Amino acid sequence: MLFRQFIDPESSTYTYLIASGSGREALIIDPVKERVSHYLAAIEQLNLKLVRAIDTHTHADHVTGLGDLREATGCITVMGEYTRAECVSEQVRDGDILDVDGILLQALYTPGHTDESFSLVLNAQKPEAVFTGDVLLIRGTGRTDFQNGDPAKSWDSIVNKLFRLPDDTLVHPAHDYKGWTVSSIGEEKRYNPRLAGKSLEEYTEIMRNLNLPDPKMMDIAVPANLSCGRPRKVA
Ligand SMILES: [Fe+2]
């Protein structure tokens with residue numbers, strides 16, 4: 001399998017480019033608009049054909065690259081079924097499997113950070129990795145104080161869905177702010193300070209008291225992302 005992780009230093013976003021091999025069809029997860037030329041260069045150099053661009057959720061801290069990638073490559077843009085983005089060409093439901101040239105990704109509905117967040121499990125028959133968006137981060141979890149976030153739903157998604165994956169399943173989040181690049185379900189069960197040894201009540205208390213400022217880009221990113229990062233057509 002061909003697997004590339006990209007970072008957008010501005011927003012600390014991780015983007016993943018995956019294909020079964022060189023010369024094959026590829027998919028990309030959580031692309032950032034400002035980095036699209038970088039992804040396109042990699043796609044060309046690795047002799048890939050991009051067929052799907054996926055957002056795990058409507059991001060508040062960066063503008064999505066979905067629209068630009070669709071325009072450049074003709075790829076299908078994908079989000080979960082509860083997205084409010086009007087420009088997504090394919091919506092996946094819980095349990096749906098995306099098959100890109102033998103790369104199998106199963107959609108897992110994991111609300112909490114937003115009410116429309118999905119995770120994606122690579123090879124769900126024998127899970128190898130999970131792309132968690134912002135629901136589960138490395139030694140952290142995605143904030144739950146805007147975009148219909150909900151600490152109890154976040155807890156349920158993490159503890160009752162993601163933590164049921166095998167311990168050696170790799171965790172690939174959409175962000176990291178501390179220098180981590182990858183984790184595993186077992187590591188997060190043991191060492192995630194918001195979750196390990198905590199109850200739902202304790203987790204809710206932690207999440208309600210984070211007192212984080214709004215993301216710098218929020219007022220620009222959320223409306224832009226509802227149109228896949230492309231300017232909205234004026235009627
Ligand atoms: Fe997010």
Side-chain angles (χ1 to χ4, degrees), residues 5-16 28-36 53-67 69 77-88 91-92 94 105 107-121 130-158 161-162 171-178 180-183 188 192 194-195 203-204 206-208 210-229:
Q5 180 185 42
F6 298 91
I7 184 163
D8 171 49
E10 273 300 303
S11 60
S12 302
T13 301
Y14 285 141
T15 299
Y16 303 94
I28 196 164
I29 301 174
D30 288 328
V32 176
K33 185 177 175 79
E34 284 75 20
R35 311 293 296 171
V36 161
I54 307 168
D55 266 348
T56 52
H57 64 290
T58 301
H59 297 278
D61 60 344
H62 66 267
V63 177
T64 179
L66 251 59
L69 285 168
T77 51
V78 184
M79 286 186 79
E81 64 174 320
Y82 306 116
T83 182
R84 294 166 195 88
E86 49 199 46
C87 47
V88 166
Q91 294 186 358
V92 289
D94 189 55
L105 282 180
L108 185 64
Y109 180 46
T110 50
H113 169 60
T114 69
D115 60 358
E116 39 79 272
S117 295
F118 272 72
S119 298
L120 298 157
V121 181
V130 59
F131 300 88
T132 55
D134 293 356
V135 179
L136 176 62
L137 304 175
I138 301 174
R139 311 300 192 264
T141 59
R143 62 193 296 176
T144 55
D145 57 336
F146 57 62
Q147 290 184 285
N148 299 318
D150 181 329
K153 285 185 182 157
S154 166
W155 173 270
D156 182 59
S157 292
I158 295 168
K161 294 183 178 178
L162 295 170
V171 172
H172 297 298
H175 290 290
D176 187 82
Y177 307 96
K178 298 176 196 151
W180 298 97
T181 53
V182 63
S183 183
E188 294 311 310
N192 193 307
R194 293 185 186 171
L195 300 159
Y203 181 68
T204 302
I206 292 168
M207 298 310 284
R208 291 238 160 96
L210 292 178
N211 297 320
L212 297 168
D214 283 348
K216 277 182 290 186
M217 291 277 291
M218 186 168 172
D219 293 341
I220 298 166
V222 171
N225 289 339
L226 294 175
S227 56
C228 294

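For ligands, and for the atoms within them, numbers begin at 1 and follow the listed sequence. Small disclaimer: the values here were computed from a predicted structure and weren't measured.
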For the Fe ion (ligand 1), does an N/O/S atom of H59 lie at less than 2.8 Å?
no
About how large, to 10 degrees, is the angle NE2 of H113, then the Fe ion (ligand 1), then NE2 of H57?
100°
Does any N, O or S atom of D134, backbone or side chain, fall under 2.8 Å from the Fe ion (ligand 1)?
yes
Any luck finding a side-chain donor-acceptor pair between S154 and Y203 under 3.5 Å?
yes
Testing the 3.5 Å rule here: is there a donor-acceptor pair between the side chains of T83 and Q91?
no
Any N/O/S atom, backbone or side chain, of H175 lying under 2.8 Å from the Fe ion (ligand 1)?
no
Cut-off 3.5 Å, side chains only: do D30 and T56 have a donor facing an acceptor?
yes
Quick check on side-chain hydrogen bond (donor to acceptor under 3.5 Å, both in side chains): which of Q147, K153, H57, R84 does D115 satisfy it with?
R84
